[in-house]
Undergrad: 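Please read through the structure below; I'll follow up with questions.
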Amino acid sequence: MNLTANPAALPGRVIDLLGLIAFEDDLAGKDSPLFASFDPVLGPLLRQVFADERFKASFGQTVILHTQGSLAVRRVAVVGAGSRPDFRPALARHQAATLARIANQVGARSLHILQPSTEVDPQPIRWLEAAAEGAILGAYRFDKYLASEKRTPQTIETASFQTVSPVPPDVAAAAIDRARRVASAIAHARDLVNEPAATLTPTALAADSVARAAATGVVATVLGPADCRERGMGLFLAVAQGSSQEPRFIHLAWRPANAKKRIVLVGKGVTFDSGGLSLKTNEGMLGMKADMAGAAAVLSAIGVAAEELLPIEVHALAACTENMPSGTAYKLGDVLRSMSGKTVEINNTDAEGRLTLADALTYGLGLGPDIVLDFATLTGACVVALGPHTAGVMSNDDAVAANWMAATHDSGEDMWPLPLPSRLMDQLKSDVADLRNTGERWGGALTAGLFLKQFVGAIPWIHVDLAGPSTTDKEWGCYGKGATGFGVASIVQYLRGLAAS
Ligand code: BES
Ligand code: MN
Ligand code: ZN
């Protein structure tokens with residue numbers, strides 16, 4: 001897809017689809033900027049269609065109209081953006097994605113999106129970046145297993161964006177390049193998560209990471225079971241021992257000479273979570289090929305840091321394994337020794353993520369990081385707490401957490417802080433080991449976070465539980481059905497922020 005900002009109006013150039021973004025209050029005010037900009041032709045037409053179609057500009061609502069040759073555009077699509085005061089540039093990803101999806105549905109080759117006017121600072125560059133990212137993401141699909149006649153054709157060739165105020169062309173081009181890099185990383189994370197566990201084994205995930213690293217200056221190291229044994233990764237290997245697929249510990253590193261900070265990213269990489277001997281129900285197991293979404297996010301995001309030559313040393317770690325029941329599977333009551341030396345009694349083999357992460361965190365501390373961040377589809381309890389679209393954020397450092405939350409706000413990914421109440425540590429006490437792997441039912445997201453906290457020592461650390469938002473069963477904004485690539489946008493935003501500060 002060709003992306004351009006503020007293209008010069010060409011006489012006789014016909015746009016297949018003009019994309020407009022409307023706020024609720026556009027429909028109330030007589031002199032709304034939305035209509036004013038199009039009078040005399042389109043303004044009254046829009047008013048009429050909005051009334052006929054009961055269009056209220058609520059978030060994500062759409063209406064499409066044909067111009068019947070009355071304008072130099074074939075169709076106009078309007079997408080609602082809800083309340084104007086709630087708008088921020090990052091949300092343009094959702095509107096642009098919706099418009100891109102419509103463009104493909106109606107077979108448009110060119111899409112031109114106008115930035116809506118806002119009372120607050122319109123931040124045209126940030127709007128442009130978010131909208132460009134959204135247009136690419138809206139065109140994303142995972143259709144490799146569909147017969148070609150069942151694939152929706154990708155018709156958009158050009159997406160152009162009109163900002164409310166002029167921006168220097170080189171600045172606009174840089175924003176579009178940034179958008180393209182993030183969107184490709186997100187698309188790659190989605191591909192990995194959407195891929196069935198039968199093909200996306202730990203070995204396959206490692207091979208993909210190695211292949212991609214070579215292209216960007218990222219150094220890839222892959223540890224097999226023997227290396228992991230040598231390093232004492234007893235928790236990770238216990239989870240892996242029930243599977244006939246070999247585990248792989250993936251370590252990607254971006255080490256620029258001018259690094260200002262060293263950041264370790266850890267992603268949960270359970271390529272299929274059956275629950276192990278604490279077997280899940282069919283219902284509970286259905287989406288579990290996505291239990292490596294954290295790994296997909298960190299392994300994809302680090303590539304952007306390298307492509308942008310960010311002056312930040314970044315490591316992406318993923319302890320990848322299946323969690324399977326078998327004659328060799330780890331058992332309830334087993335006492336395992338972690339790489340850190342701490343012992344863990346197993347009272348539920350379905351709480352495997354924290355075990356794989358604990359050893360990955362210990363490996364990460366060995367790299368001498370300034371900050372460690374982990375991303376994991378860790379608990380159903382987090383989905384109960386925050387709903388399916390919001391990730392939970394836990395941390396041992398308020399200032400680092402505040403920076404992280406600011407990055408998520410700017411990237412447009414929904415995250416919300418959760419506490420780590422030390423009182424709940426009682427639930428993780430064992431009579432025979434330093435810890436047991438699960439607590440009681442209530443506060444399950446927090447005891448999982450507290451378990452991880454035991455493995456990070458005093459290093460500033462952020463834990464993101466993305467069990468809910470890693471996939472979606474309903475298309476919404478820039479998210480199509482299936483994997484969302486959640487986490488990538490915030491990681492990149494955060495790293496860019498560190499690079500700029
Ligand atoms: N991978 C699951 C968590 C999960 C649940 C991710 C739903 C996405 C959607 C994790 O390994 C798990 O099974 N967690 C258990 C923990 C429990 C045994 C303490 C859970 O949430 O039930
Ligand atoms: Mn599990
Ligand atoms: Zn799991």
Side-chain angles (χ1 to χ4, degrees), residues 193-194 197 200 202 205 235-236 238-243 245 247 266-297 318-325 329-334 344-360 374-392 394 418 424-425 427-430 435-452 463-473 482-484 486-487:
V193 176
N194 282 327
L200 196 93
L205 183 50
L235 302 184
F236 171 44
V239 174
Q241 77 191 33
S243 171
Q245 289 293 333
V266 177
K268 173 175 172 183
V270 175
T271 59
F272 188 72
D273 182 11
S274 71
L277 291 175
S278 310
L279 196 65
K280 288 182 185 292
T281 59
N282 192 80
E283 187 64 19
M285 210 185 294
L286 257 180
M288 284 303 138
K289 68 170 184 181
D291 211 17
M292 33 58 71
C320 302
T321 178
E322 293 185 335
N323 182 26
M324 297 294 280
Y330 76 132
K331 303 172 186 76
L332 304 166
D334 281 358
V344 180
E345 180 194 6
I346 301 304
N347 59 346
N348 191 324
T349 63
D350 198 11
E352 84 297 341
R354 65 197 70 182
L355 301 173
T356 64
L357 289 165
D359 281 343
D374 79 71
F375 300 83
T377 47
L378 204 59
T379 65
C382 192
V383 192
V384 173
L386 297 175
H389 310 305
T390 306
M394 286 150 261
L418 290 175
L424 295 186
M425 273 308 291
Q427 295 189 14
L428 297 178
K429 280 201 177 125
S430 161
L435 288 165
R436 58 176 201 176
N437 76 326
T438 64
E440 291 148 31
R441 178 165 175 222
W442 308 117
L446 316 183
T447 44
L450 283 166
F451 182 92
L452 298 180
H463 161 54
V464 180
D465 190 332
L466 36 78
S470 56
T471 58
T472 177
D473 47 21
T484 56
F486 194 91

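This is a predicted model, so every value here is computed, not measured. Just follow the structure's listing: the first ligand is 1, and inside any ligand the first atom is 1.
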Undergrad: Which is closest to atom 18 (C) of ligand 1 by heavy-atom distance: N348, T447, L466?
TA: N348

Undergrad: Is any N or O atom of G380, backbone or side chain, closer than 3.5 Å to an N or O atom of ligand 1?
TA: yes

Undergrad: Is E352 close enough to the Zn ion (ligand 3) to have an N, O or S atom under 2.8 Å?
TA: yes

Undergrad: So which heavy atom on L428 is nearest to which on G439, and how close?
TA: CD2-N, 3.7 Å

Undergrad: Pull out every atom of ligand 1 sitting under 4.0 Å from any heavy atom of A467, numbered as shown with elements.
TA: 6 (C), 8 (C)

Undergrad: Using a 4.0 Å heavy-atom threshold (strictly under), name the region of R441 that reaches ligand 1: side chain, backbone, both or neither.
TA: neither

Undergrad: Does any N, O or S atom in A351 come within less than 2.8 Å of the Zn ion (ligand 3)?
TA: no

Undergrad: Looking at A197 and E322, what are the two nearest heavy atoms and their distance?
TA: O-OE2, 4.3 Å

Undergrad: If you check every N/O/S atom of D291, which is the one nearest the Zn ion (ligand 3)?
TA: OD2

Undergrad: Treating T377 as the side-chain partner and A293 as the backbone partner, does any N or O pair qualify as donor plus acceptor under 3.5 Å?
TA: no

Undergrad: Between N437 and A351 (side chain of the first, backbone of the second, donor and acceptor by atom type, cut-off under 3.5 Å), is there such a pair?
TA: yes

Undergrad: Among the N/O/S atoms of D273, which is closest to the Mn ion (ligand 2)? Give the atom name.
TA: OD2

Undergrad: Which heavy-atom pair separates A329 from L277 by the least distance, and what is that distance?
TA: CB-CG, 4.1 Å

Undergrad: Check ligand 1 against E352 and write out every atom of the ligand that is under 4.0 Å from a heavy-atom position of the residue.
TA: 11 (O)

Undergrad: Enter the distance from L332:CG to N347:CG here, rounded to the nearest 0.5 Å.
TA: 7.5 Å

Undergrad: For P247, is there any backbone N or O sitting under 3.5 Å from a side-chain donor or acceptor partner on T321?
TA: no

Undergrad: Check the pair R354, T438 against side-chain contact (heavy atoms from CB on, under 4.5 Å), reporting the backbone distance first and the verdict last.
TA: CA-CA 9 Å; R354 65 197 70 182; T438 64; 4.0 Å; yes

Undergrad: Between ligand 1 and T379, is the shortest N or O to N or O distance under 3.5 Å?
TA: no

Undergrad: What is the nearest protein non-hydrogen atom to atom 15 (C) of ligand 1, stated with its residue, atom name and distance?
TA: D350 O, 4.0 Å

Undergrad: Answer yes or no for E352: is there an N/O/S atom below the 2.8 Å cut-off from the Mn ion (ligand 2)?
TA: yes

Undergrad: Which atom, among the N/O/S set of D273, is closest to the Zn ion (ligand 3)?
TA: OD2

Undergrad: Under the side-chain contact (heavy atoms from CB on, under 4.5 Å) criterion, do L355 and I346 qualify, and how do the steps go?
TA: CA-CA 10 Å; L355 301 173; I346 301 304; 3.7 Å; yes

Undergrad: When you look at M285 and L279, which way does the side-chain contact (heavy atoms from CB on, under 4.5 Å) test go after all the steps?
TA: CA-CA 9 Å; M285 210 185 294; L279 196 65; 3.9 Å; yes

Undergrad: Quick one: does T438 get within less than 4.0 Å of ligand 1, heavy atoms only?
TA: yes

Undergrad: Could you tell me the separation between the OG1 atom of T271 and the NZ atom of K289, rounded to the nearest 0.5 Å?
TA: 12.5 Å

Undergrad: Do me a favour and list the nearest non-hydrogen protein atom to atom 14 (N) of ligand 1 with residue, atom name and distance?
TA: L378 O, 3.4 Å

Undergrad: What is the closest protein heavy atom to atom 16 (C) of ligand 1, and at what distance does it sit?
TA: R354 NH2, 3.9 Å

Undergrad: To check your reading of the model: name the closest protein heavy atom to atom 2 (C) of ligand 1, its residue, and the distance in Å.
TA: D273 OD2, 3.6 Å

Undergrad: Starting from atom 9 (C) of ligand 1, find the nearest protein heavy-atom neighbour and note its residue, name and distance.
TA: M288 CE, 3.6 Å

